[in-house]
Amino acid sequence: MQTLVVGEVLKDVDTACKLLNISQDPMCWSWLQVQKWLLWTEHMYHLPRVSALFQGLSGRDLCFMSETQFRQHSAQFGDMLYAHLDIWRSAVAMKGPCTPEDSTSAVESSYADVMTTYPNQPIHLWQFLRELLLRPHNYSRCIRWLNKEKGIFKIEDSAHVARLWGMRKNRPAMNYDKLSRSIRQYYKKGIIRKPDVSRRLVYQFVNPV
DNA sequence: AATCAGGATCCGC
DNA sequence: GCGGATCCTGATT
C-alpha cells in the first residue's frame with residue numbers, strides 16, 4: 001500500500017523531469033531550471049505566479065532553505081512548495097543523488113561535486129564562497145573568478161551574494177557590510193586576502209586549489 | 001554612496 | 001574558544 005503510493009509519486013516526478021528536461025535532483029538545478037520547476041508546479045496545482053518570488057535562486061539554494069524560509073518568500077504557498085520540493089528530494093534519497101554527468105554544469109564540476117557541502121552541515125564563509133565559484137553556471141552573475149589559478153575572484157553582485165549567504169545561515173538581516181567584515185576576519189588568519197593591486201569587491205584565496 | 005579597514009561586543013555551538 | 005553576526009568609526013574610492 002505504502003509502496004504503491006511511493007511508486008506513483010516517483011513516476012510523477014520522473015515524467016515531470018522528462019517533460020521539463022531537468023534533473024531529478026534539485027541540487028543540480030540551475031536558477032532557470034528552478035523557474036521551470038516552479039512554473040510547472042504552479043500549472044499543476046493552479047497556483048498564481050509565485051516563481052518571481054524565487055528569482056535568482058539555484059536548486060542548491062532551494063535545498064538549503066528551511067520551510068520557514070520558503071514561507072518568507074511566499075507567505076501563502078511557501079509551505080506547499082517546500083513540501084513539493086521535499087517529494088523530489090525523497091525521490092533522490094531513494095535513487096541516489098545526481099552525478100556530475102546529469103548536471104548542466106558538468107564541464108565545470110569535475111571534482112567540485114566531490115567535496116560539496118550538503119544541507120544541515122555547518123559551513124564556513126570561505127567554503128561557501130568557493131562553492132559559488134565552483135558553479136559558474138549557477139552563480140557567475142554574482143561571483144566569478146578573475147584568475148582561478150591565483151584564487152582571485154570578484155563579487156559582481158554584493159547584495160545577492162549576501163542574500164545567499166544569509167539564506168544559508170538563516171540570517172535574514174545579512175548584508176554585504178557584515179559579510180565583508182567576516183571576509184576581513186580572514187586576513188590575519190591567512191585564508192583570504194586582498195590581491196596585490198587592491199580593487200573594489202576583488203579578493204584572493206591565499207591557498208588556491 | 002558604496003566599499004574597505006578593523007575595534008568592540010554578543011551569541012551559538 | 002572558535003567563527004561568525006552585529007554595530008560602529010573613520011578612511012578610501
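In the text below, chain A, chain B and the rest are named by the order of the sequence lines, each starting its count at 1.
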Stretch residues 194-206 of chain A: residues that reach within less than 4.0 Å of DNA chain B through a heavy atom:
Lys194(A), Arg199(A), Arg200(A), Leu201(A), Tyr203(A)
Sequence neighbours left out, what passes side-chain contact (heavy atoms from CB on, under 4.5 Å) with Arg200(A)? Give chain and number order.
none
So, does Tyr187(A) get its side chain near the phosphate of dA5(B), meaning an N or O under 4.0 Å from OP1 or OP2?
yes
Reading DNA chain C from 5' onward, which residue's closest nucleotide shows up sooner: Ala173(A) or Lys189(A)?
Lys189(A)
Using whole Å, report how far OH of Tyr176(A) lies from P of dA2(B).
13 Å
Output all residues satisfying side-chain contact (heavy atoms from CB on, under 4.5 Å) with Glu156(A), sequence neighbours left out; order by chain, then residue number.
Arg144(A), Lys154(A)
Separation of dC13(B) P from Asn170(A) CG (nearest whole Å)
12 Å
Counterpart residues, side-chain hydrogen bond (donor to acceptor under 3.5 Å, both in side chains), relative to Lys18(A) (two or more places apart)
Asp14(A)
I'd like to check the salt bridge (Lys or Arg N to Asp or Glu O under 4.0 Å) partners of Arg163(A); sequence neighbours left out, ordered by chain and number.
none
Holding to salt bridge (Lys or Arg N to Asp or Glu O under 4.0 Å), I want the full list of residues that pass it with Asp79(A), two or more places apart in sequence or in another chain.
none
Partner residues of Asp177(A) under the side-chain contact (heavy atoms from CB on, under 4.5 Å) criterion, sequence neighbours left out
Asn175(A)
Whole-Å distance separating the CG atom of Asn175(A) from the P atom of dA1(B):
16 Å
Going by distance alone, is a donor N or O of one side chain under 3.5 Å from an acceptor N or O of the other, for Asp157(A) and Tyr139(A)?
no
Does Arg193(A) make a cation-pi contact with Tyr187(A) (under 6.0 Å, within 45 degrees of the axis)?
no
Taking salt bridge (Lys or Arg N to Asp or Glu O under 4.0 Å) as the definition, give me every residue that meets it alongside Arg171(A), ordered by chain and number, with sequence neighbours left out.
none
Residues in ring pair (Phe, Tyr, Trp, His ring centres under 6.0 Å) with His84(A), at least two apart?
Tyr45(A)
Could you check whether Phe128(A) gets within reach of a base, just the sugar-phosphate, or nothing at all, counting any heavy atom under 4.0 Å?
nothing
Test of understanding: with ring pair (Phe, Tyr, Trp, His ring centres under 6.0 Å), list the residues that count as partners of Phe205(A), not counting sequence neighbours.
Phe153(A)
What is the distance, to the nearest angstrom, from the CZ atom on Arg171(A) to the P atom on dC11(B)?
11 Å
Rounded to whole Å, how long is the line connecting atom NZ of Lys154(A) with atom C1' of dT3(B)?
12 Å
Shorter than 3.5 Å, N or O on both sides, protein versus nucleotides 7-10 of chain B: list them out with atom names.
unit_1 : atom_1 : unit_2    : atom_2 : d
dG7(B) : N7     : Arg181(A) : NH2    : 2.8
dG7(B) : O6     : Arg181(A) : NE     : 2.6

Between dG6(B) (C1') and Arg193(A) (CZ): distance, integer Å:
19 Å
Could you tell me from which nucleotide to which nucleotide of DNA chain C, 5' to 3', there is an atom under 4.0 Å from chain A heavy atoms?
dG3(C) to dT13(C)
